2 protein chains.
Amino acid sequence: MAQGQNRSEHTHGLLFLTDEQLRKGIEAMFFAYRGFTADPDRILAEKSYGRAHHRALHFIQRSPGTTVNNLLATLGVTKQSLNRVLRTLIEDGLVLNEVGTKDKRQRHLSLTDAGRELEQALSNAQRDRMRSAYRQAGAEAVHGFCTVLEAMMDPELKKHYDQLTGGETV
Amino acid sequence: MAQGQNRSEHTHGLLFLTDEQLRKGIEAMFFAYRGFTADPDRILAEKSYGRAHHRALHFIQRSPGTTVNNLLATLGVTKQSLNRVLRTLIEDGLVLNEVGTKDKRQRHLSLTDAGRELEQALSNAQRDRMRSAYRQAGAEAVHGFCTVLEAMMDPELKKHYDQLTGGETV
DNA sequence: ACAATATGTCAGTGTTGTTGACATTCCAAG
DNA sequence: CTTGGAATGTCAACAACACTGACATATTGT
């Protein structure tokens, strides 16, 4: 609506996408992702954790009581890889690991107070940048941003995303 | 820009920038980035290259004749890290390394025919997914997508992005 | 002549991913 | 009740890719 120039490509609803435009989107993803991770990375470096720890904390916070298998599928890594990270978080008292009541094979993961504190610090840093970007870009742009990102996901990963977010687009 | 009023978001639930919406954007970035890299990764695995090789090929293709220092700044890694990748690409005959004419300290990097071929294969795979996502989302969404991504970049990185893309938004 | 620049290289380290193998515990079906 | 499979944890080895620090070489500019 508020889009000044309607190019002829847009009139038919079918976009004519030049390689140049696509390449630009690719580079935007590359550079933006570095910004996306830069702020939490600084905090993590102080505590000698890495991005993998951040991701685990994030998704445990997002689904408290989740099982290891569920987290594994969400993160898309091997159990050995996740276990290494999870072990340090449990040892450091940031994550709780409780035997399932219904199925005692399962372990339910949740954050301790200390875990919530770190997760909050990381999330706040990341959200600050997102908020600033959203405000610069405007509500409509944000809607488009999420729409394109969702269309880029693998269907398998999109399922996890929809499950977490409830499916509605911002 | 077209953002209307400040709707005092945090007081009511139904607003522009709730933590929930920001968190959703964060997760969208996470899941989308995996999709973004999935297709080239498959090709790279066959040739036993990694993402670092892809990035180098991409930006050399984008700026043929670029210098090592320039590429270093664009990629944002150390010279030791880049050199490891660059050396294998040169040895494998994908990248040319030519002594500068004006300044003989500099090395100008460019792709050989074989390098262009691999870069094309990687780019095509990545562009196919971008194209599909763009088409699903529509022109307006694509515009918003790029706008938000650009607002997320660190200013330092944004300079490189603008230099490569010419500055105009898609 | 000398300092700074651009590049290349060696060695070591850390995070995060992988595969393969194996043990334990527990649920569920025959 | 036994047995197969699922969920989890762990050990070992390995690879990609980032980092730091140190050092070498050629070249440029003052």
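All figures in this text were calculated on a predicted structure; none of them were measured in a lab. Throughout, a chain's letter reflects where its sequence line sits, starting with A, and its residues are numbered from 1.
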Does A:Thr78 put a side-chain nitrogen or oxygen below 4.0 Å from OP1 or OP2 of C:dT18? yes
Without decimals, in angstroms, what is the distance between B:Lys102 NZ and D:dT28 P? 11 Å
For the atom pair CG (B:Asn70) and NE2 (B:His108), what is the distance rounded to the nearest 0.5 Å? 11.0 Å
The reported gap from CG in B:Asn124 to CG in B:Asp128 (rounded to nearest 0.5 angstrom) is 6.0 Å
In terms of ring plane angle, is the pair B:Tyr134 and B:Phe145 parallel, tilted or perpendicular, where the classes change at 30° and 60°? perpendicular
Return the CG to CG distance between B:Leu96 and B:Asp113, rounded to the nearest 0.5 Å. 9.0 Å
Dump every N/O contact between nucleotides 1-8 of chain D and the protein below 3.5 Å, one line per pair.
residue	atom	partner	partner atom	Å
D:dG5	N2	A:Arg105	NH1	3.2
D:dA6	N3	A:Arg105	NH1	2.9
D:dA7	OP2	A:Asn69	ND2	3.3
D:dA7	O5'	A:Asn69	ND2	3.4
D:dT8	OP1	A:Val68	N	3.3
D:dT8	OP2	A:Asn69	N	2.7
D:dT8	OP2	A:Asn69	OD1	3.2
D:dT8	OP2	A:Asn69	ND2	3.4
D:dT8	O4	A:Lys79	NZ	3.0

What is the distance, to the nearest angstrom, from the NE2 atom on A:His54 to the C1' atom on C:dG17? 19 Å
Which atoms of nucleotides 15-17 of chain D (N or O only) lie under 3.5 Å from a protein N or O atom, and what are those distances?
residue	atom	partner	partner atom	Å
D:dC17	OP1	B:Arg51	N	2.7
D:dC17	OP1	B:Ala52	N	3.2

If you round to the nearest 0.5 Å, how far is CE of A:Met29 from SG of B:Cys146? 10.5 Å
The answer to which of A:Gln80 and A:Thr101 contacts DNA chain C further toward the 5' end, by nearest nucleotide, is A:Gln80
Without decimals, in angstroms, what is the distance between B:Leu82 CG and D:dA18 P? 9 Å
Residue of the set A:Glu119, A:Gln126, A:Gln120 for which side-chain hydrogen bond (donor to acceptor under 3.5 Å, both in side chains) holds with A:Ser123: A:Glu119
Separation of atom CG in A:Leu57 from atom P in C:dT16, rounded to whole Å: 11 Å
With under 30° as parallel and over 60° as perpendicular, where do the rings of B:His58 and B:His54 fit, or are they tilted in between? perpendicular
Would you call the rings of B:Phe31 and A:Phe59 parallel, tilted or perpendicular if under 30° counts as parallel and over 60° as perpendicular? tilted
For the pair made of CG in B:Leu71 and P in C:dG8, what is the distance, rounded to whole Å? 11 Å
